[in-house]
S.K.: 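My questions will all concern the structure given below.
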Amino acid sequence: MQPLNLHTSIAYLKGVGPARAELLKSELSIHTLQDLLNFFPNRYIDRTQFYKINQLEGNSSEVQLIGKITNLKTIEQKVGSRLVATFSDGNDMMELVWFKGVKWIKSNIKLNTPYVIFGRVNLFNGVYNMPHPEMDLLDDFNKSLHATMQPVYPSTEMLSKKGFSNRAMISIVEQLLIEINHQLKESLSQTIINQYQLIPRNIAYRNIHFPEQQELLTKAEFRLKFEELFYIQLQLIRKNILRKSKIKGHKFDIVGHYFNEFYQNHLEFDLTNAQKRVIKEIRKDMGSKAQMNRLLQGDVGSGKTIVALLSMLIALDNGFQAALLAPTEILANQHFQTFSELLKPLNVQIKLLTGSVKTKDRKEIHEELENGKLQILIGTHALFEEKVQFNNLGLAIIDEQHRFGVEQRSKMWRKNEIPPHILIMSATPIPRTLAMSIYGDLDMSVIDEMPPGRKDIKTVHRFDKNRLAVFKFIKDQIEKGRQIYIVYPLIQESEVLDYKDLMDGFEGISRAFPLPKYSISVVHGKLKGEEKDLEMQRFIKKETDIMIATTVIEVGVNVPNASVMVIESAERFGLSQLHQLRGRVGRGAEQSYCILMTGNKLSEDAKTRISTMVNTNNGFEIADVDLKLRGPGNLLGKQQSGVLNLKIADIVKDTQVLKLARSVAFETLQKDANLALPENFNILNTYKEISHKTAIWANIS
Ligand code: ADP
Ligand code: MG
């Protein structure tokens with residue numbers, strides 16, 4: 001037989017066989033020996049501690065004792081039989097009980113021989129009993145690997161039903177380690193191992209499964225987490241380096257008329273220092289010969305739009321076209337209006353392309369794009385259509401990018417031989433650790449400062465039963481000339497239900513705020529693009545006092561006079577959504593308010609979300625709480641969650657290890673971009689193997 005290697009199917013491991021192999025595959029996705037090696041215990045039981053029977057207390061705690069079986073009897077029951085053993089630790093007696101496998105146990109148990117027994121104890125009629133104990137002969141126990149800390153592996157109902165116990169798992173992992181120990185080659189360089197005092201790889205694997213002591217377990221965990229994160233970061237950073245060296249970009253070395261004219265004569269405010277810094281970073285990228293791939297992060301309202309605009313003007317100064325992609329029509333519309341308004345004095349050719357643009361106009365746009373007359377195009381995913389061909393697209397900006405899939409984004413790429421520079425703007429802040437993991441191959445800019453003079457939005461939580469007081473408050477605000485948003489949740493599964501919620505709400509609000517004194521706009525998913533736009537416009541022009549909407553207004557909408565955001569059924573929104581919605585107010589000089597309406601019954605998570613909103617306005621803090629509550633997979637949506645299939649590290653808990661891994665990966669590549677130095681031999685080998693197997697997710701490419 002061939003010697004086993006890590007890619008061998010587990011069916012060939014001694015003690016597994018075809019039936020168990022099937023089970024391991026279907027229940028735990030363990031296919032190869034490598035999968036088994038990386039199937040880690042989720043906890044360990046201390047098996048150095050022994051109890052005496054007279055020390056036992058209460059029910060159902062896991063304990064371990066030494067003693068002998070002095071007597072065995074079978075008791076017939078209605079169905080089957082039960083085996084009861086009397087177990088003595090020398091001073092006291094307890095019972096061991098079996099309901100299954102009685103025959104086998106009866107014929108294998110040795111009377112009056114020292115055993116170590118382990119399991120949960122129950123107190124029944126004044127006698128302790130332990131059902132289905134794990135048993136080892138004391139002699140064997142002392143020799144075995146798990147004489148100290150015993151691993152407990154994740155299991156499933158089906159596995160227990162089929163009698164595939166933790167015990168069975170332990171023995172196949174023991175077998176595995178015996179067979180492949182010599183194949184667990186070192187994967188890191190001696191330099192890194194020395195510098196961070198890592199234990200060797202094979203010792204780490206042995207101890208993660210069968211820790212000799214707590215200290216070694218801690219070291220094993222650290223080593224394996226570090227390694228896992230290190231290789232992810234190594235791939236991401238290397239991808240960034242390769243892209244910069246291989247993919248040519250348009251070199252924008254001119255900062256000319258458009259930029260200067262706008263900056264000097266038409267910018268209505270001073271940029272914040274953060275905005276200035278970020279624009280410098282972008283200019284530097286676009287001025288190099290490589291393609292820019294940059295993520296721009298900033299809290300809601302931090303002023304990302306103007307950064308986008310100025311970046312586009314640089315493209316124009318260099319004779320290129322620029323495009324801005326927004327996730328919704330409303331947002332595209334609004335960007336278009338903002339940009340057209342701001343750029344009017346510069347006489348820039350700018351157009352809007354969305355699903356609602358008429359065929360005739362669309363044709364014209366296509367033509368002007370191709371012949372280069374059109375300088376800036378703003379739009380939704382309609383920009384991705386085959387027919388949309390640019391003359392020379394130099395910069396593509398993707399706003400609120402989490403709404404676009406990887407697939408879609410890459411389409412922008414194919415439009416030109418030399419790809420455009422790409423700037424991705426995130427809608428809400430992404431926690432640092434997550435950003436490192438998902439966008440680790442992009443360069444990152446952060447606007448960490450708000451425009452001056454902003455007042456913090458006051459956020460309160462109100463129960464539905466206090467609605468009247470809330471209405472009174474709204475009336476007072478309208479009296480003062482303010483405008484109000486009232487938002488209803490959008491449940492993706494049921495547009496019908498949303499619509500009903502919204503319409504019921506609309507009715508109630510119409511009654512409380514009757515015409516002609518008050519006027520109301522309504523925007524929801526069932527309206528056509530133009531209708532939505534019309535309603536938005538009425539609100540923007542201050543023809544209406546209240547805007548009732550589903551979450552279509554979540555991103556980007558900018559009406560500075562609106563100073564109150566009422567969120568209905570706030571318990572049904574996620575944190576980042578709540579924060580985005582709140583960001584629609586607080587854009588003018590007036591004190592703004594966010595009122596979170598909820599029912600009386602709130603889950604623990606909902607309580608945390610609401611209190612987080614009430615307590616902080618800081619998007620980065622909110623993002624961290626969100627990550628803790630929802631976990632990375634849910635935070636990112638399905639498309640990208642696969643990226644985070646980590647085996648041992650945890651993005652939320654292992655922040656420090658992640659930062660270390662990233663900086664070590666960065667340093668390594670900085671010194672030796674191709675991993676060609678002899679000292680990086682191990683790293684190169686491992687890197688090749690990993691990148692061959694799991695082509696790292698493509699972010700932009
Ligand atoms: P976001 O980052 O959420 O996209 P916006 O770009 O929409 O934020 O900016 C929010 C508001 O702040 C806009 O009305 C914008 O004109 C204004 N703004 C942006 N930068 C500044 C600044 N440096 N000083 C004053 N106001 C600014
Ligand atoms: Mg925005």
Side-chain angles (χ1 to χ4, degrees), residues 262-264 266-282 294-313 323-344 378-380 396-404 423-430 444-457 482-483 485 536 539-540 542 551-563 565 576-590 592 594 617-620 622-623:
F262 182 81
Y263 193 85
Q264 279 153 23
H266 305 290
L267 189 60
E268 287 163 352
F269 40 71
D270 293 332
L271 295 181
T272 61
N273 286 328
Q275 284 169 320
K276 284 184 193 158
R277 189 189 62 236
V278 165
I279 288 168
K280 234 183 239 160
E281 288 165 355
I282 293 170
R294 193 169 269 282
L295 174 69
L296 173 57
Q297 286 220 66
D299 206 344
V300 182
S302 61
K304 295 183 288 284
T305 314
I306 201 73
V307 171
L309 183 111
L310 286 164
S311 311
M312 285 184 153
L313 292 181
L324 173 65
L325 262 162
T328 63
E329 246 177 68
I330 287 193
L331 194 56
N333 244 309
Q334 185 177 293
H335 275 313
F336 176 66
Q337 250 132 42
T338 311
F339 279 47
S340 317
E341 192 61 36
L342 289 169
L343 295 176
K344 215 181 254 163
I378 293 183
T380 53
I397 300 182
I398 303 174
D399 195 15
E400 333 283 6
Q401 76 84 36
H402 62 290
R403 301 201 158 203
F404 290 104
L423 182 66
I424 294 168
M425 303 200 288
S426 80
T428 29
I430 304 165
M444 182 125 32
S445 289
V446 181
I447 304 184
D448 50 6
E449 182 186 356
M450 286 298 206
R454 291 277 170 81
K455 289 193 181 130
D456 267 358
I457 300 161
R482 306 290 115 73
Q483 288 167 285
Y485 291 107
M536 272 313 296
F539 189 66
I540 291 170
K542 218 171 167 238
T551 42
V552 286
I553 64 153
E554 179 188 335
V555 280
V557 169
N558 189 21
V559 182
N561 190 54
S563 65
M565 167 63 67
S576 74
Q577 251 187 328
L578 289 172
H579 182 58
Q580 263 295 320
L581 286 169
R582 176 169 61 184
R584 298 310 105 214
V585 297
R587 295 178 163 247
E590 306 303 333
S592 290
C594 175
N617 272 299
N618 182 321
F620 284 92
I622 290 173

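Counting starts at 1 for both ligands and their atoms, following the listed order. Along the sequence shown, residues carry numbers from 1. All values below come from the heavy atoms of this structure, side chains included, with hydrogens, waters and symmetry mates left out.
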S.K.: Does any N or O atom in Ile306 lie less than 3.5 angstrom from one in ligand 1, N or O only?
M.R.: no
S.K.: With a 3.5 Å distance limit and no angle check, can you tell me whether Gln297 reaches the backbone of Met444 through a side-chain donor-acceptor pair?
M.R.: no
S.K.: Take every heavy atom of Pro560, measure it against each atom of ligand 1, and state whether any distance is under 4.0 Å.
M.R.: no
S.K.: Only heavy atoms count here, so choose which of Lys304, Arg587, Glu449 is nearest to atom 2 (O) of ligand 1.
M.R.: Lys304
S.K.: Enumerate the atoms of ligand 1 whose separation from the nearest heavy atom of Asp270 is less than 4.0 angstrom.
M.R.: 22 (C), 23 (N), 24 (N)
S.K.: Considering residues at least two apart in sequence or located in another chain, which fulfil the salt bridge (Lys or Arg N to Asp or Glu O under 4.0 Å) criterion with Glu268?
M.R.: none
S.K.: Please could you name the atoms of ligand 1 that Thr272 approaches to less than 4.0 Å, counting only its heavy atoms?
M.R.: 23 (N)
S.K.: Which ligand 1 atoms are under 4.0 Å away from a heavy-atom of Val300?
M.R.: 3 (O)
S.K.: Using atom types as modelled and distance alone, determine if a side-chain donor or acceptor of Glu281 lies under 3.5 Å from a backbone N or O of Ser445.
M.R.: no
S.K.: Start with the C-alpha gap between Phe262 and Leu342, add the side-chain angles, then the distance that decides, and say whether side-chain contact (heavy atoms from CB on, under 4.5 Å) holds.
M.R.: CA-CA 9 Å; Phe262 182 81; Leu342 289 169; 4.0 Å; yes
S.K.: Please classify the Ile447 to ligand 1 contact at 4.0 Å (heavy-atom distances, strictly less than): side chain, backbone, both or neither.
M.R.: neither
S.K.: Is any side-chain heavy atom of Ile378 closer than 4.5 Å to a side-chain heavy atom of Gln337?
M.R.: no
S.K.: So is Gly298 close enough to ligand 1, meaning a heavy atom under 4.0 angstrom away?
M.R.: no
S.K.: Can you sort out which atoms of ligand 1 are near Asp299, meaning under 4.0 Å from one of its heavy atoms?
M.R.: 2 (O)
S.K.: Give a yes or no answer on whether the side chain of Lys304 reaches the backbone of Asp299 with a donor-acceptor pair at less than 3.5 Å.
M.R.: yes
S.K.: Heavy-atom pairs closer than 4.0 Å: do any link ligand 1 to the side chain of Glu268, the backbone, both, or neither?
M.R.: neither
S.K.: Evaluate Met536 against Asn333 for side-chain contact (heavy atoms from CB on, under 4.5 Å), listing each step before the verdict.
M.R.: CA-CA 10 Å; Met536 272 313 296; Asn333 244 309; over 6 Å; no
S.K.: Any idea which atoms of ligand 1 are less than 4.0 Å away from a heavy-atom of Leu271?
M.R.: 23 (N)
S.K.: Would you say Thr338 touches ligand 1, if touching means a heavy atom closer than 4.0 Å?
M.R.: no
S.K.: Step by step, work out the side-chain contact (heavy atoms from CB on, under 4.5 Å) result for Ile282 and Val278.
M.R.: CA-CA 6 Å; Ile282 293 170; Val278 165; 3.9 Å; yes
S.K.: If I apply the N/O under 3.5 Å rule, does Pro452 come out as touching ligand 1?
M.R.: no
S.K.: Once you restrict to heavy atoms under 4.0 Å, what part of Thr305 touches ligand 1? Side chain, backbone, both or neither.
M.R.: both
S.K.: Using a 4.0 Å heavy-atom threshold (strictly under), name the region of Arg454 that reaches ligand 1: side chain, backbone, both or neither.
M.R.: side chain
S.K.: Could you tell me which residues satisfy salt bridge (Lys or Arg N to Asp or Glu O under 4.0 Å) with Lys344, sequence neighbours excluded, listed by chain and number?
M.R.: Glu341
S.K.: Would you find a donor on one side and an acceptor on the other, under 3.5 Å apart, between the side chain of Asp399 and the backbone of Leu324?
M.R.: no
